[in-house]
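What's counted below: heavy atoms across the whole structure, side chains too, no hydrogens, waters or symmetry copies.
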Amino acid sequence: MRLIIYGLGAIGGAVAAGLTRAGREVVGIARGDRLAALRERGLRFRTPLLEDRVRFPLVEDPAQIEFRSGDALLLALKTQHVEPALDRLRAAGWTSGSIFCALNGIESERLTLRRFPNVHGVLVMMPASYLDIDEACAYSHPRHGVFESGLPQGGCDEDDLRFAELMEVGNIGGFAVEDVMAAKTGKLLLNLGNVIGAAFGERDRDDGDPAALRAAARAEAETVLRAAGRPWREVGAADPRRDALMKQGEIAGARRAGSSTAQSLARGVGDIETDFLNGEIALHARLAGVPAPINAHLAALGARMAREGAAPGSADLGTELAAMRAAGASV
């Protein structure tokens with residue numbers, strides 16, 4: 001199975017590096033300065049236990065790849081970038097090969113299924129980052145992370161088993177599961193706090209407590225998901241695989257910028273995935289006819305900070321809490 005990796009950020013870069021170091025064939029799709037840096041210098045891959053610079057084939061567009069029978073594709077973009085990428089993939093002639101959606105949130109599988117038949121959800125548990133243009137850092141050991149894959153409609157198939165085996169080769173714990181979307185919904189609940197940490201930081205402030213807001217956003221989301229009939233499975237710190245496979249470590253000289261949302265603000269990319277995290281809860285609430293003022297406001301806050309180029313931690317928590325209360329939130 002040759003793996004084509006569409007998106008070479010922290011997650012896609014770590015997968016590409018792990019497989020390349022193991023001698024497996026990958027092709028990366030990247031754009032702009034990231035592509036230029038990786039072509040010139042290779043990918044600097046760092047973990048608590050190793051540092052390596054790896055090289056693998058790179059293209060700017062899937063039309064530059066000669067697809068083969070048996071190829072699989074890993075989508076490792078942000079959800080707001082998925083639809084244009086899928087359009088380019090279809091224009092390049094991709095038809096029925098397996099596509100594995102390794103993105104936060106629960107919308108990318110639906111977007112992909114509109115265009116392609118062989119789609120798999122992937123739960124990603126991998127603390128990873130990149131701020132320097134040619135690097136990817138994965139902060140856990142002995143494995144770089146844990147991936148679960150399965151069919152969006154439930155169950156799993158032979159492609160999921162092959163994908164899990166491939167991830168194991170790349171030093172990522174691979175699991176084929178029957179309920180991947182419940183697991184991804186569980187991670188969605190964890191990711192609701194991403195914008196809170198990105199906007200306000202993680203510590204108590206004179207103008208409010210980010211931890212209390214995080215708890216309120218999750219409680220609101222659980223109410224919404226129950227009203228929408230959307231089940232979830234917990235995938236947080238209590239998961240025993242985290243202790244066995246994902247011990248957290250430090251990387252000398254590596255800057256940790258928090259969640260993927262905080263990293264997007266730090267890089268000043270101009271867009272953010274919050275519409276598919278907190279905004280997903282707002283969507284389910286509106287469809288179910290129940291309120292979600294906290295998550296709706298947080299989605300709008302993330303979009304505004306990205307649009308204005310705001311730095312991580314620069315939002316005024318007191319002001320935002322007052323706006324949420326005015327919209328009916330108990331925070």
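A donor-acceptor pair is defined here as one N or O able to donate and one able to accept, closer than 3.5 Å; no such pair exists between the side chain of Arg44 and the backbone of Val54. In this structure a side-chain-to-backbone donor-acceptor pair under 3.5 Å is present from Asp160 to Asp157. A donor-acceptor pair under 3.5 Å links the side-chain atoms of Arg267 to the main chain of Tyr130, judged by distance alone. A donor-acceptor pair is defined here as one N or O able to donate and one able to accept, closer than 3.5 Å; such a pair exists between the side chain of Thr20 and the backbone of Ala16. In this structure a side-chain-to-backbone donor-acceptor pair under 3.5 Å is present from Glu168 to Gly174. A donor-acceptor pair under 3.5 Å is formed between the side chain of Thr223 and the backbone N or O of Ala219. Between the side chain of Arg34 and the backbone N or O of Leu8 there is at least one donor-acceptor pair closer than 3.5 Å. The main-chain N or O of Val146 is never found under 3.5 Å from a side-chain atom of Arg241 such that the two would form a donor-acceptor pair. A donor-acceptor pair is defined here as one N or O able to donate and one able to accept, closer than 3.5 Å; such a pair exists between the side chain of Arg55 and the backbone of Glu40. A distance-only check finds no donor-acceptor pair linking the side chain of Lys187 to the backbone of Ala183 [under 3.5 Å].
For the pairing with Leu89, the side chain to side chain contact (heavy atoms under 4.5 Å, CB included) check across Leu73, Asp61, Ile29 returns one residue only, Leu73.
The number of heavy atoms from other shown groups lying within 6.0 Å of CD (Glu66) does not exceed 12. In Arg233, the CZ atom is crowded: over 12 heavy atoms of neighbouring residues, nucleotides or ligands sit closer than 6.0 Å. More than 12 heavy atoms of other shown residues, nucleotides or ligands fall within 6.0 angstrom of atom CZ in Arg304. Under a cut-off of 6.0 angstrom, the local environment of CD in Glu158 is sparse, with at most 12 non-hydrogen atoms contributed by other residues, nucleotides or ligands. For CZ of Arg286, the number of neighbouring non-hydrogen atoms (other residues, nucleotides, ligands) closer than 6.0 Å is 12 at most.
Side-chain polar atoms of Gln80 and Asp275 form no donor-acceptor pair below 3.5 angstrom. Ser260 and Glu273 share a donor-acceptor pair across their side chains, judged by distance under 3.5 Å alone.
Between Tyr6 and His81, the ring centre distance reaches or exceeds 6.0 Å.
Nearest heavy atom pair, residue Gln263 against residue Ser129, reads OE1-CA, 3.2 Å.
Under the 4.0 Å criterion applied to side-chain N and carboxylate O atoms, Glu165 and Arg162 are not assigned as salt-bridge partners. Between Asp271 and Arg307 no salt bridge is recorded (no basic side-chain N to carboxylate O distance below 4.0 Å).
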